[in-house]
There are 2 protein chains.
Amino acid sequence: MPYSKKHKAETRQTILKSASRLFSAKGFDQVSIDDLMQHANLTRGAFYSHFKNKQSVYSEAITEGVRKSRMTQRKPDSLTDQEWIEELVNAYLSQEHVKHEVPACPLAFMVTDIANKETEVKTTYTKIYKQLNYAIKKLSKDHSECDEQDILAVTAMMIGGVAIGRALNDPDTTEKLLSSCRDKALELLNK
Amino acid sequence: MPYSKKHKAETRQTILKSASRLFSAKGFDQVSIDDLMQHANLTRGAFYSHFKNKQSVYSEAITEGVRKSRMTQRKPDSLTDQEWIEELVNAYLSQEHVKHEVPACPLAFMVTDIANKETEVKTTYTKIYKQLNYAIKKLSKDHSECDEQDILAVTAMMIGGVAIGRALNDPDTTEKLLSSCRDKALELLNK
DNA sequence: GTCTATAGAAAGATAGAC
DNA sequence: GTCTATCTTTCTATAGAC
């Protein structure tokens, strides 16, 4: 057997990693299977040994993107829940995130792209969206009075703030937007 | 002259109308020039008498979309500023808007699509984004203490709420999201 | 499993007739 | 101004050699 199972799994993972980065950056249609494979130092033809088609790698890339993003990292023991949540919100609504200098959150980077896709993809989006809200809820419950409505508003502000920031052409406006969302989000979360 | 100037202007407007609807619904790449022209009962070849290329009609479609959307309508004299702003926020964060049963706001429907485009398109987006914030500021100044930060947070919530709502697969979650954003947005605007 | 080659389809843009 | 025809490119997906 010239190729081990381990090798196959690693190749698959490499493709998925490129996929999550490229689809976030450029959207479904602007990324070709050739692009994905070139980033993995492979050629087009090899793609179909790993994924059924383009849509299926896109769907998996969403999950992969969340796995790598800051939001799903474990809280360091040195921080309180409140400190950690503050750090997460600030990192989310940051220039680095908007400029994609850190792993992108698919919830913000892919939101419009996903709206036009099939059930499978939207179901994945819905799932990770609920996870984000649940994670914040859990981190807030001990030190805050905020309820589910507050949290839904906060995540809309976070996702919206980052998505809008990416579409703007004016760095000053982006910075004002991000800082406003940071302040108002933390205000809602710390009440 | 077999075709009048008026006829040309009308044809152009018809194309633009299809463009604003289709690009909002499906995104840049999923709409072909053929699609646009078929909706105007014309064929591909005629397109280039009206627009330079696909990108330029996309750019104009953003402006056209805003022109038709609720947000730019004039306030009826029978309503106070406060009543009108409440109506606008509620209409924006509504199921009808998310489902595109009323003209779509490009700020929400095209946000990710635009992030990956060239300067011209992003400049247009930035302009209408600022217009939205300015319009709300003007409507708020007489009855509310809210500042620019509040307004930026509110519009992020509005745009984010609608964009996320479109990507979700679960009507209950969408409804909870929309109603939470409505409540929190109006809370910020009425303080 | 990965490669090259290619089939087949779609779409942007142009040319020339009317 | 609008039509049909066409050039050209790009891309998904498959076939077959290694």
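First the proteins, then the strands, lettered A, B, ... as listed; each starts at 1. If you're wondering where the values come from, they're calculated on a predicted model, not measured in any experiment.
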Enquirer: Just how far, in rounded Å, is C1' of dA11(C) from CE of Met37(B)?
Expert: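 So the CE-C1' distance, Met37(B) to dA11(C), works out to 15 Å.
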Enquirer: Not counting sequence neighbours, which residues clear side chain to side chain contact (heavy atoms under 4.5 Å, CB included) with Lys130(A)? List them please.
Expert: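 Residues passing side chain to side chain contact (heavy atoms under 4.5 Å, CB included) with Lys130(A): Thr126(A), Asp170(B), Thr173(B).
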Enquirer: Determine whether the side chains of Asp34(A) and Gln38(A) contain a donor N or O and an acceptor N or O closer than 3.5 Å.
Expert: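 Yes, Gln38(A) and Asp34(A) have a side-chain donor paired with an acceptor closer than 3.5 Å.
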Enquirer: Could you identify which residues of residues 42-57 of chain A place a heavy atom less than 4.0 Å from some atom of DNA chain C, listed by residue number, or say none?
Expert: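 Result for residues 42-57 of chain A: Leu42(A), Thr43(A), Gly45(A), Ala46(A), Ser49(A), His50(A), sorted by number.
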Enquirer: Applying the 4.5 Å side-chain criterion to the ILVMFWY set and letting contacts propagate, would Met157(A) and Leu186(A) be lumped into a single cluster?
Expert: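 Result: yes, single cluster for both.
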Enquirer: If you compare every side-chain N and O of Thr11(B) against the phosphate oxygens of dT2(D) (OP1, OP2), does one of them come in below 4.0 Å?
Expert: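 It does, given that an N or O in the side chain of Thr11(B) lies less than 4.0 Å from OP1 or OP2 of dT2(D).
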Enquirer: Same cluster or not: are Phe23(A) and Tyr48(A) linked, directly or through other Ile, Leu, Val, Met, Phe, Trp or Tyr residues, by side-chain heavy atoms under 4.5 angstrom apart?
Expert: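 Phe23(A) and Tyr48(A): one cluster.
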Enquirer: Any link between Leu22(B) and Val102(B) through a network of hydrophobic side chains (Ile, Leu, Val, Met, Phe, Trp, Tyr) touching at under 4.5 Å?
Expert: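 No, Leu22(B) does not connect to Val102(B) through the hydrophobic network.
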Enquirer: Picking from Glu64(B), Lys68(B), Arg67(B), what satisfies side-chain hydrogen bond (donor to acceptor under 3.5 Å, both in side chains) with Ser20(B)?
Expert: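 Going through the options one by one, the only one that passes is Lys68(B).
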Enquirer: How many Å lie between CG on Asn41(B) and P on dG1(D), as a whole number?
Expert: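 Asn41(B) atom CG is separated from dG1(D) atom P by 18 Å.
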Enquirer: How many Å lie between CD1 on Ile15(A) and P on dG1(C), as a whole number?
Expert: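 Rounded to the whole Å, the gap is 11 Å.
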Enquirer: Roughly, in whole Å, what's the span from CD in Gln30(B) to C1' in dT10(D)?
Expert: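 Checked: the CD to C1' distance equals 15 Å.
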Enquirer: In whole Å, what is the span from the CD1 atom of Ile33(B) to the C1' atom of dG12(C)?
Expert: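 Rounded to the whole Å, the gap is 5 Å.
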Enquirer: Could you state the CD-C1' distance from Gln38(B) to dA10(C), rounded to the nearest angstrom?
Expert: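 Answer to the nearest Å: 13 Å.
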Enquirer: In whole Å, I'd like the distance from the CG atom of Asp29(B) to the P atom of dT10(D).
Expert: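 Roughly 14 Å, once rounded to whole Å.
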Enquirer: Could you check how far CZ of Arg12(B) sits from C1' of dT2(D), rounded to whole Å?
Expert: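 Rounded to the whole Å, the gap is 17 Å.
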